[in-house]
Undergrad: 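Mind looking over this structure? Questions follow.
As a basis for the values below, the full set of heavy atoms in this structure was taken, side chains included, without hydrogen atoms, waters or symmetry mates.
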Amino acid sequence: MMTATRIHFPLAVYVRIVTRMFTGPGALYGELETTGPEIREAFTFLIFASLISAGAGILVHRPPEFMAVFGILFANAVGMCFFAVMVGYIIMIMGFGRKSSFLKLFRIYALASGTTLLLSWIPFSLMFTELWKWWLIFVGLTRGGVFNKKEGALVLILSIAVIVLFFRSLLAVLA
């Protein structure tokens with residue numbers, strides 16, 4: 001008899017991950033190879049955090065087209081995580097060879113992004129949450145066994161530069 005596997009993601013799992021990311025992200029990232037969140041759990045965590053962030057953003061700003069804005073906020077939250085991990089992965093391969101799998105990097109980025117999404121909907125919190133997200137990613141890259149501190153810092157700085165330059169050039173093209 002075959003049993004179907006379900007993704008069971010209760011609120012308690014979300015709270016556990018957020019609490020661990022607040023109190024000791026290095027320890028959680030250090031467990032990625034053994035007992036840390038699996039890829040499905042990290043992806044579900046990111047989706048759940050994006051839904052909370054988009055919902056909170058709608059409640060704060062109360063736009064007239066709330067469903068469209070909700071969709072944009074949700075897509076932005078999930079999409080920026082995927083974009084950042086792709087940039088980081090490409091920089092890793094170009095600069096250091098393949099030191100880790102894309103899925104391991106995705107788990108690091110998803111946990112960092114999902115954690116900061118908890119506060120990113122608050123007006124004027126962008127600078128704080130972005131710095132915090134990149135710090136959490138750095139901790140994940142170094143404590144998760146992907147890079148040493150120099151390599152992690154280089155990947156982080158280059159990733160931020162590439163993302164900023166990409167959006168600046170995109171704005172120039174659209175203007």
Side-chain angles (χ1 to χ4, degrees), residues 4-10 13-14 16-22 24-54 71-120 126 129-170:
T5 27
R6 283 187 332 176
I7 296 177
H8 188 262
F9 194 80
V13 174
Y14 175 79
R16 178 182 51 83
I17 291 173
V18 167
T19 302
R20 296 223 32 223
M21 289 296 285
F22 271 97
L28 179 62
Y29 282 130
E31 297 170 3
L32 283 181
E33 290 300 321
T34 55
T35 60
E38 295 178 6
I39 187 68
R40 288 187 313 178
E41 194 174 54
F43 180 73
T44 308
F45 176 75
L46 176 65
I47 296 296
F48 195 73
S50 299
L51 289 170
I52 290 171
S53 180
I72 291 168
L73 292 173
F74 175 77
N76 180 55
V78 174
M80 281 307 296
C81 179
F82 275 99
F83 183 63
V85 74
M86 286 190 314
V87 169
Y89 187 71
I90 290 168
I91 289 171
M92 176 192 71
I93 289 175
M94 290 175 61
F96 305 104
R98 186 167 184 228
K99 294 188 85 165
S100 180
S101 70
F102 180 82
L103 296 178
K104 184 174 182 180
L105 281 185
F106 175 77
R107 287 190 297 178
I108 291 169
Y109 281 71
L111 294 176
S113 295
T115 302
T116 59
L117 283 170
L118 184 63
L119 301 174
S120 67
L126 178 66
T129 56
E130 278 300 305
L131 291 173
W132 184 28
K133 176 181 77 175
W134 287 105
W135 178 79
L136 287 173
I137 290 170
F138 175 75
V139 170
L141 293 175
T142 56
R143 298 275 178 93
V146 180
F147 298 113
N148 63 38
K149 288 186 179 184
K150 262 189 200 176
E151 293 170 339
L154 186 59
V155 167
L156 202 72
I157 291 167
L158 290 174
S159 294
I160 292 169
V162 166
I163 290 169
V164 167
L165 290 173
F166 173 78
F167 282 106
R168 283 187 59 114
S169 62
L170 185 63

Undergrad: Heavy-atom distance under 4.5 Å between the side chains of Y14 and L118, does that happen here?
TA: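 They are in contact (side-chain heavy atoms under 4.5 Å apart), so the answer is yes.
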Undergrad: Just to verify, what does F167 make a side chain to side chain contact (heavy atoms under 4.5 Å, CB included) with, not counting sequence neighbours?
TA: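 Residues passing side chain to side chain contact (heavy atoms under 4.5 Å, CB included) with F167: M80, F83, I163, L170.
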Undergrad: Restricting to non-hydrogen atoms, name the atom on A77 and the atom on S50 that form the minimum distance, rounded to 0.1 Å.
TA: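 So the two residues come closest at CB-OG, 3.4 Å.
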Undergrad: Using the side chain to side chain donor-acceptor pair (under 3.5 Å) criterion, which residues pair with R98? Sequence neighbours excluded.
TA: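 Partners of R98 under the side chain to side chain donor-acceptor pair (under 3.5 Å) test: Y89.
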Undergrad: Please check this pair: side chain of Y29 against backbone of I108, looking for a donor-acceptor N/O pair closer than 3.5 Å.
TA: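 Here the side-chain-to-backbone pair exists.
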Undergrad: Among residues two or more places apart or on two chains, list those pairs meeting salt bridge (Lys or Arg N to Asp or Glu O under 4.0 Å) that have a residue in residues 151-164.
TA: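 Checked against salt bridge (Lys or Arg N to Asp or Glu O under 4.0 Å) - neighbours excluded - the pairs reaching residues 151-164 are K99-E151.
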Undergrad: Among residues two or more places apart or on two chains, list those pairs meeting salt bridge (Lys or Arg N to Asp or Glu O under 4.0 Å) that have a residue in residues 131-146.
TA: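 Counting only pairs at least two positions apart or across chains, the salt bridge (Lys or Arg N to Asp or Glu O under 4.0 Å) contacts touching residues 131-146 are E130-K133.
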Undergrad: Name all residues meeting the side chain to side chain donor-acceptor pair (under 3.5 Å) criterion together with R20; count only those two or more places apart in sequence or in a different chain, and write none if there are none.
TA: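 So R20 forms a side chain to side chain donor-acceptor pair (under 3.5 Å) with E31.
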Undergrad: Under the rule for ring pair (Phe, Tyr, Trp, His ring centres under 6.0 Å), what residues qualify as partners of F147, not counting sequence neighbours?
TA: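 So F147 forms a ring pair (Phe, Tyr, Trp, His ring centres under 6.0 Å) with F96.
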Undergrad: Pairs in or reaching into residues 152-170: which pass salt bridge (Lys or Arg N to Asp or Glu O under 4.0 Å), with residues at least two apart or in two chains?
TA: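 Counting only pairs at least two positions apart or across chains, no salt bridge (Lys or Arg N to Asp or Glu O under 4.0 Å) contact touches residues 152-170.
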Undergrad: Taking side chain to side chain donor-acceptor pair (under 3.5 Å) as the test, write out the residues that go with K149, two or more places apart.
TA: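 Scan of K149 (side chain to side chain donor-acceptor pair (under 3.5 Å), adjacent residues dropped) gives none.
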Undergrad: Please identify each residue that fulfils ring pair (Phe, Tyr, Trp, His ring centres under 6.0 Å) with W132, with sequence neighbours left out.
TA: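 Here the qualifying residues are F22, F128.
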Undergrad: With sequence neighbours excluded, tell me which residues meet side chain to side chain donor-acceptor pair (under 3.5 Å) with T115.
TA: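 Testing T115 for side chain to side chain donor-acceptor pair (under 3.5 Å), a comparison that skips the adjacent residues, returns none.
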Undergrad: Could you list the residues that satisfy side chain to side chain contact (heavy atoms under 4.5 Å, CB included) with L73, not counting sequence neighbours?
TA: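 With sequence neighbours excluded, L73 shows a side chain to side chain contact (heavy atoms under 4.5 Å, CB included) to A54, I58, V69, given in chain and number order.
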Undergrad: Which residues pass the ring pair (Phe, Tyr, Trp, His ring centres under 6.0 Å) test with F43, not counting sequence neighbours?
TA: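 So F43 forms no ring pair (Phe, Tyr, Trp, His ring centres under 6.0 Å) with any residue.
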